[in-house]
Amino acid sequence: MPIRQLSETMINQIAAGEVIERPASVVKELVENALDAGATRVEVVTSGGGLNLIRVTDDGSGIPEKELPLAIGRHCTSKLADNIDDIRSLGFRGEALPSIGSVSRLSIRSRTASGDSAAEIGIEGGRVLPVRPAAANRGTTVEVRDLFFATPARLKFMKGERAESAATSDVVKRIAIAFPAVRFTLAGSDRSTLELPATEDSAQGSLRRIAQVMGSDFPDNSIAIDATREGVRLTGHVSIPSFTRANALQQYAYVNGRPVRDKLIAGAIRGAYADVLPRDRHAVTVLFLKLDPAIVDVNVHPAKADVRFRDPGLVRGLIVGSIRQALADAGIRAATTGAAGMMAAFRPGATAYQHGGPANGHRSYEAAHRASGFAVYEQYRSPQWPLDMGFGGSGFGDNEQAAFDAGALASADARAGQDEATETLLGAVLGAARAQVHENYIVAQTRDSLIIVDQHAAHERLVYEALKNALHSRAVPSQILLLPEIVDLPEEDAERLAMHSETLARFGLGIERFGPGAVAVRETPSILGETNVGQLVRDLADEIADNDTVETLKERLDKIAATMACHGSVRSGRRLKAEEMNALLRQMEATPGSGTCNHGRPTYIELKLADIERLFGRR
Ligand code: ADP
Ligand code: MG
């Protein structure tokens, strides 16, 4: 076959292959057009999963009659002058309408504010029908019938009406979150009508729209984010660590109002929650990034859901940093409500008793709870254990290392004197360790209370304090790696790390450039023991990217210490021996601030024996 120029229709059908994957993609393109036209009301109707009918009606600017033939022409757009770096609309490629028109029966009826009447144009499988007068209010109605009738191969790939209409709902909800001031309705024989009344274009309006779409339990269980770095602004809401999903589908991200599915953003969210969520759980997030259109490329794929940032490290750092910060700030709140939550958690036992046993004649458990006041210990609680056991001033010495180190205390001597020792320990603030449950909680006993310690949180705090203390006296001891570890990472991150190599060296982290997009790690801080060097270096890069411009040196050092501490701590899931548990308790007593972890959550909770007795109706 000789080479020949493809027909206009063929070109459009080829483009449709990428832009119009399924009915939901048509809905996405048409709704985007309505929003670009400044609509305040957008109504979507579908039937047959969108394969029979898709109709999108808006009250936007409308299309002048003489421009209707252009609207369905390939590469015809009113949104792009001559600067591809300055895209402020959702559309810009001028190919949605001709693509849709090449694979379906499309009609556009429109009227502008100044037009005396409406006009209509049609295109069926690429064949353009003449413009004719029509009756309509201001705005545009686009109707798509028999989608893919002209491309039967694509039709075969449709998943069935239900799946297609679900995908359409998802598209409308996703975009509606970014336009709270626009009223959306989604109706038709495919579903019961979904109505999203207009709220306002403000933080509160946005949150109300989020609640309309995601349900009101999300706002109740989320934290607001608002941070700016180097002209990039991040706003939105992220779930508290106890509010999670089994997949990442409930993570909505927007770049300059455009819904995107971006690996970098997803990765940053994962990174931000890495220390507070198990691997198989996912946060629920709605994040809006606003930045100069010149530093983000949206022209990556015809569907426009992919973006590329000029400085990915900056964006990642911003997301990781501000989510972590928000979680830390909220952690203190959660901690104060922790005691109440704990009491509530105990209540079902009492309720069961009331149901099953003699309900009358028993004291009100409610009242008992209110009177008891479980104590959640926080920073204000000063350590009563002699301070010189700790890291105070002397740097991070061998003894302290040994305390973290499993075997050291499990000597024969220690075991021989155990009973005596236990008796003494009962007098200590955190008492004598009795058991470890669920591989993360140390249950200890004092003379008059039961203590529950979150071992991961506690250990993290101790490492953090030790690092900070050691820093003030002298450099942190490091261990030299037998083979330097080469870590690949974005060039900006490598550059940032290199710029801060002196600071990092003070922490015992020996790092240097290793060609473009990589660093070589030669030494790591001894206190961290065996650690995942790649992960540590990447987290530090995030931390530095986030704090580069604003933090003082001291704050930066503390943040670096905190990031390192996360890597050095006993993860939950490690079984501890009695000696190890007791060593941890003693370290906690000796360390100021150890009542809360680096994220502000309590590291331990104390239940007074008297309260426990009240719970059981013994008092
Ligand atoms: P793009 O959105 O990339 O410009 P489209 O093919 O989706 O390309 O639309 C072509 C043009 O038709 C748009 O640039 C716009 O001028 C006009 N248009 C399409 N839909 C609407 C609408 N709902 N209201 C007003 N104008 C519209
Ligand atoms: Mg468009």
Side-chain angles (χ1 to χ4, degrees), residues 8-9 11-21 23-45 54-84 86-104 106-115 118-123 126 128 131 134 136-144 147 171-172 175 178-179 182-185 256-259 293 297-306:
E8 182 86 2
T9 298
I11 294 172
N12 285 329
Q13 286 180 347
I14 289 168
E18 282 181 303
V19 191
I20 308 302
E21 204 193 334
S25 355
V26 173
V27 173
K28 172 180 170 290
E29 294 295 335
L30 299 184
V31 170
E32 284 184 358
N33 281 347
L35 293 167
D36 281 344
T40 63
R41 286 201 310 265
V42 178
E43 187 189 304
V44 181
V45 170
I54 294 169
R55 185 169 59 227
V56 177
T57 305
D58 68 61
D59 63 350
S61 61
I63 306 171
E65 182 173 343
K66 63 174 191 331
E67 288 185 18
L68 278 176
L70 278 178
I72 54 168
R74 185 163 176 75
H75 305 312
C76 294
T77 178
S78 56
K79 301 170 192 175
L80 196 60
D82 45 25
N83 188 0
I84 189 84
D86 193 29
I87 292 166
R88 292 171 191 274
S89 49
L90 294 167
F92 58 90
R93 302 174 60 100
E95 61 180 353
L97 293 179
S99 299
I100 298 166
S102 71
V103 298
S104 71
L106 169 81
S107 80
I108 305 170
R109 195 175 342 128
S110 195
R111 179 171 174 176
T112 60
S114 56
E120 181 172 340
I121 193 170
I123 169 170
V128 180
V131 176
N137 294 329
R138 187 198 143 174
T140 306
T141 298
V142 180
E143 215 171 79
V144 178
L147 182 62
V171 156
V172 172
I175 202 162
F179 292 83
V182 177
R183 174 194 180 85
F184 289 85
T185 11
N256 291 340
R258 177 191 307 283
D297 187 0
V298 293
N299 187 25
V300 180
H301 184 271
K304 299 167 290 182
D306 296 291

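We count ligands from 1, going down the list as the structure has it; atoms in each ligand are counted the same way. Along the sequence shown, the residues carry numbers beginning at 1.
In this structure, Ser102 OG and Ile72 CD1 are separated by 11.0 Å, a value rounded to the nearest 0.5 Å. A distance of 12.5 Å separates CG in Asp86 from CZ in Phe92, rounded to the nearest 0.5 Å.
For Phe92, a nitrogen or oxygen atom sits less than 3.5 Å from a nitrogen or oxygen atom of ligand 1, counting backbone and side chain alike.
Ligand 1 has at least one atom lying under 4.0 Å from a heavy atom of Pro98. Residue contact annotation: Arg93 has a non-hydrogen atom under 4.0 Å from ligand 1.
The two atoms that bring Leu70 and Cys76 nearest to each other are O-CB, 3.0 Å, heavy atoms only.
Only the side chain of Ala37 comes within 4.0 Å of ligand 1, counting heavy atoms alone; its backbone N, CA, C and O stay farther away.
Of all the atoms in ligand 1, the ones that sit under 4.0 Å from a non-hydrogen atom of Ala96 are 6 (O), 7 (O). If you number the atoms of ligand 1 from 1 as listed, the ones under 4.0 Å from a heavy atom of Gly91 come out as 2 (O), 3 (O).
The protein heavy atom nearest to atom 11 (C) of ligand 1 is Cys76 O, 4.1 Å. If you check which protein heavy atom lies closest to atom 6 (O) of ligand 1, you get Leu97 N, 3.0 Å. Nearest non-hydrogen protein atom to atom 23 (N) of ligand 1 is Asp58 OD2, 2.8 Å. Atom 4 (O) of ligand 1 has Thr77 OG1, 2.6 Å as its closest protein atom, hydrogens excluded (heavy atom only). Counting protein heavy atoms only, atom 14 (O) of ligand 1 is closest to Ser78 N, 3.0 Å. Scanning the protein heavy atoms around atom 8 (O) of ligand 1, the nearest turns out to be Gly94 CA, 3.2 Å. Closest to atom 2 (O) of ligand 1, if we only count protein heavy atoms, is Lys79 NZ, 2.7 Å. The nearest protein atom to atom 17 (C) of ligand 1, hydrogens excluded, is given as Ile63 CD1, 3.9 Å; this is a heavy-atom distance.
Results of the side-chain contact (heavy atoms from CB on, under 4.5 Å) test with Ser110 over Val142, Ile63, Asp58, Thr141 single out Ile63 as the only residue that passes. Each of Ile100, Ile108, Val42 was checked for a side-chain contact (heavy atoms from CB on, under 4.5 Å) with Leu30, and the lone residue meeting it is Ile100. Tested against Glu32, the residues Lys79, Arg93, Lys304 include a single salt bridge (charged side-chain N to carboxylate O under 4.0 Å, His left out) partner, Lys304.
Thr77 lies apart from the Mg ion (ligand 2) in this respect, since none of its N, O or S atoms is found at a distance under 2.8 Å.
Counting only distance, with no hydrogens or angles, the side chain of Arg74 and the backbone of Ser99 share no donor-acceptor pair below 3.5 Å.
Scanning Asn33, Val56, Val19, Leu30 for the heavy atom closest to atom 21 (C) of ligand 1 points to Asn33.
The neighbour count for Arg41 CZ, taken as heavy atoms of other residues, nucleotides or ligands under 6.0 Å away, does not exceed 12. Counted within 6.0 Å of CG on Asn83, heavy atoms from surrounding residues, nucleotides or ligands total more than 12; the atom is thus considered enclosed.
Taking 4.5 Å as the limit, every side-chain heavy atom of Glu67 sits out of range of all side-chain heavy atoms of Thr112.
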